[in-house]
Number of protein chains: 2
Amino acid sequence: MGRWEPNAPGRLQQAAFELYTERGYDQTTVAEIAASAGLTERTFFRHFADKREVLFEGGDRFRATLVDAVDAVPPSATTLEAVTAGLKAAGSVFPTPQLVRRRQALILANPELQERELIKLASLAASLGEALRRRGMPDTAAELAAETGVAVLRIALTRWIEDPVERPWEVHVSEVMDELRRITAERSGVAHGLKRSMGSGRARAEASAVLG
Amino acid sequence: MGRWEPNAPGRLQQAAFELYTERGYDQTTVAEIAASAGLTERTFFRHFADKREVLFEGGDRFRATLVDAVDAVPPSATTLEAVTAGLKAAGSVFPTPQLVRRRQALILANPELQERELIKLASLAASLGEALRRRGMPDTAAELAAETGVAVLRIALTRWIEDPVERPWEVHVSEVMDELRRITAERSGVAHGLKRSMGSGRARAEASAVLG
DNA sequence: TACGCTGACGACAGCAACTGCCATTACAGC
DNA sequence: GCTGTAATGGCAGTTGCTGTCGTCAGCGTA
């Protein structure tokens, strides 16, 4: 039996998440969060670097899972296959879709939280880029593939959250990755068939949907 | 002659940029910036939303130039061609490479500034996505292409800044875009030959057997 | 038993970012 | 000359965040 209640960081996270969603991020002070967890403001800042960081704790686990999965992909696989495998594996650390939805809604409603989310994703891209360099990719290609992979992650996450029939994470990753291949494989000119007889952008959109 | 010196926002930007680079972002107070421009802290916050925003004023011009260029691309062009045209055109609003280098170094040295840069790029991606939707692309494809385009922008900008022979912006955009096509076109198995030009050179012959 | 060390926390002072409110003053239009 | 407007200053107040010091339980050790 310790002098204080156990798991102070966890209690602070819980309290912060609830207060942020109840009365909004701006309308919540750090002192309120700490009091709600039975602690003081000073202790809050001993456990978290700032008011936003309390919402971004799972990021390291996500990153580690992704990187480990990429490292485990056999070297014979293509870059996009490795990235795809990493993204799919990282989905295992997601909590329930319900919680992810609430969290994303919270972030979407606050520019400050969006900024933090974005720099976390940029850091994730850097780690992914390192993993790809370990597979033998040159620097530029690795960085580009990593940034693109994180773009896929963002789109896939949005679609996963909004999917009315709740198809699994891996399906959305595959779909968005396929969409990426489709976009980048598009060729100009009339010699390739794909764009033949598609004068307007509208027609191209429909064709793209059909070809999906 | 007005009551005050003209162009207060411009003077504040100039003063902020110089102080940030001289003594660092953290070691500079808003009061110092304002005093250096012959104004008060209160006036600073009338012209700029916060301490970081004073460094991110050109963003709207960049965005407008990019979007206009994408809108001007004929509908027969592919998505990547449109994005490439937009990125190349937007390069016209860059100041001298020297200034861009100092600015990027400043941002790279401060996480807070990185966060602001990232949310500006995210906003840029949203605008680019809108422009692509105007071309008839479905939502997911437009967002994905826009995010990918911004990834290309980031990589190309880094390479442009670091290019020892200072080749023009358009060349770097083209190169990174080609790299993107190469990465995404990579196929499992040995029948395609494209990937011969990149990566570790390790045999990927068994990829189709392993990953289907 | 007595002593000291450590680790988690509270209390307090203080700085800087940012906001709201009101006062000031040149300039334009009437 | 009068009045409205726009740009600024002054000032108090809130909040995020930091530095510093004190408190107190648990632990080991002579």
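Worth knowing before you read on, the calculation uses all heavy atoms, side chains too, and leaves out hydrogens, waters and symmetry mates. Keep in mind it's a predicted model, so treat the numbers as computed, not measured. So you know, we letter chains A, B, ... as the sequences are listed, proteins then strands, and number each from 1.
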Take atom [atom1] of [X] and atom [atom2] of [N], then tell me their distance rounded to the nearest Å.
| X | N | atom1 | atom2 | value |
| --- | --- | --- | --- | --- |
| A:R46 | D:dC21 | CZ | P | 13 Å |
| B:E112 | C:dA16 | CD | C1' | 11 Å |
| B:F44 | C:dA16 | CZ | P | 15 Å |
| B:E115 | D:dG16 | CD | P | 16 Å |
| A:L55 | D:dG16 | CG | P | 14 Å |

Would you find a donor on one side and an acceptor on the other, under 3.5 Å apart, between the side chain of B:E147 and the backbone of A:I155? no
Measure from the side-chain N and O atoms of A:R135 to the backbone N and O of A:P74, and report whether any donor-acceptor pair falls under 3.5 Å. yes
Near DNA chain C, under 4.0 Å by heavy atom, which residues of residues 6-33 of chain B? B:T28, B:T29, B:V30
Expected list for residues 35-43 of chain B near DNA chain C, using heavy atoms below 4.0 Å, is B:E41, B:R42
So, B:R63 and B:S123: side-chain donor and acceptor under 3.5 Å apart, yes or no? yes
Who passes ring-ring contact (aromatic ring centres under 6.0 Å, His included) against A:F45, sequence neighbours left out? none
With sequence neighbours excluded, residues passing ring-ring contact (aromatic ring centres under 6.0 Å, His included) with B:F56: none
Does the distance from a Lys or Arg side-chain N to an Asp or Glu carboxylate O, for A:E117 and A:R103, drop under 4.0 Å? yes
Considering residues at least two apart in sequence or located in another chain, which fulfil the side chain to side chain donor-acceptor pair (under 3.5 Å) criterion with A:D50? A:R116
Nearest to the side chain of A:W4 - D:dC17, C:dC22, C:dG7? C:dG7
Can you check whether B:H47 has a side-chain N or O nearer than 4.0 Å to OP1 or OP2 of D:dA7? no
Sequence neighbours excluded, every pair satisfying side chain to side chain donor-acceptor pair (under 3.5 Å) that has a member inside residues 136-145 of chain B: A:R159-B:T140
